Amino acid sequence: MEEYQSGEETAFIVDEISGIIKESIEAAIGGNAYQPSRVNQWTTSVVELCLSQLTKLGKPFKYIVTSVLMHTNGAGLHTASSCYWDNLGDGSCTVRWENKTMFCIVSVFGLGI
Amino acid sequence: FKTAVVKAKINNVLKEELSNMFYNPEEIPYVTKKIAEAIKTRVKECAFDRYKLVVQVVIGEQRGEGVKMAARCFWDADTDNFAQAVYMNESLFCVAAAFGCYYY
């Protein structure tokens with residue numbers, strides 16, 4: 001018996017991905033206050049955790065995960081992204097997370113193979 | 001995907017657009033988008049066929065605060081690559097990254 005699932009397993013589902021990212025950020029830097037000495041380690045651990053969770057999904061996607069970590073000081077920050085890809089098979093998702101001392105913006109781009 | 005070529009293009013765009021700019025909360029969202037689009041068009045001109053492009057631009061106000069940006073990618077290391085550039089002046093800083101992924 002053959003089962004052919006088209007579209008479901010190969011779509012970039014924004015809600016699912018954003019849920020995964022939020023959990024990863026919480027797990028990596030959840031209850032911590034901003035410390036300049038640890039920022040390096042935190043950014044990398046957030047990104048690596050996100051990427052490992054995404055690859056566990058087993059979908060035929062290439063992923064690009066970027067994260068920006070900043071101390072809250074009243075300074076403004078803007079990010080924009082422009083992409084040249086295939087709207088049907090590719091997608092992106094950006095999650096913003098903050099606590100009292102810092103905030104973190106994680107962007108995930110998924111490109112279908 | 002030639003990193004050096006792309007990096008040079010990104011640097012040019014950043015210098016042109018931001019050389020006399022001050023951080024202005026009203027204008028900056030438009031400027032950020034404009035720069036992202038400009039970088040994308042320039043890289044497309046480089047004629048990397050069969051490459052999908054992702055360009056990300058981050059602009060922030062300079063107040064002496066620390067910012068850290070990291071990226072990890074899950075792709076094919078033989079065909080895919082990225083280029084990045086940072087631009088700073090007294091009132092703002094800008095980080096731009098362009099990723100190219102081969103489409104099989």
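A quick note: this is a predicted structure, and the numbers were derived from the prediction, not measured.
In this structure the side chain of B:F93 reaches within 4.5 angstrom of the side chain of A:L77, judged on heavy atoms. In this structure, B:L53 and A:W85 have side chains that are not in contact, with every pair of non-hydrogen atoms separated by 4.5 Å or more. Residues B:V55 and A:Y84 fail the side-chain proximity criterion, which asks for heavy atoms closer than 4.5 Å. Within the 4.5 Å cutoff, the side chain of B:F74 has no heavy atoms near those of the A:L54 side chain.
Between A:D86 and B:K52, none of the side-chain N atoms (NZ, or NE/NH1/NH2) sits under 4.0 Å from a carboxylate O, so this pair counts as no salt bridge. A salt bridge links B:D80 to A:K62: at least one charged side-chain nitrogen sits closer than 4.0 Å to a carboxylate oxygen.
The two residues A:S82 and B:K40 come nearest to each other via the heavy atoms OG-CD, 3.0 Å.
Below 4.5 Å, heavy atoms of chain B meet no heavy atom from residues 19-30 of chain A.
Counting heavy-atom pairs under 4.5 Å between each of B:E61, B:E37, B:K33, B:R72 and chain A puts B:R72 at the top.
Both the backbone and the side chain of A:L69 come within contact range of chain B, with heavy atoms under 4.5 Å apart.
How far OG1 of A:T79 is from CD of B:Q56: 5.5 Å, rounded to the nearest 0.5 Å. Rounding to the nearest 0.5 Å gives a distance of 8.0 Å between CG of A:D90 and OH of B:Y103.
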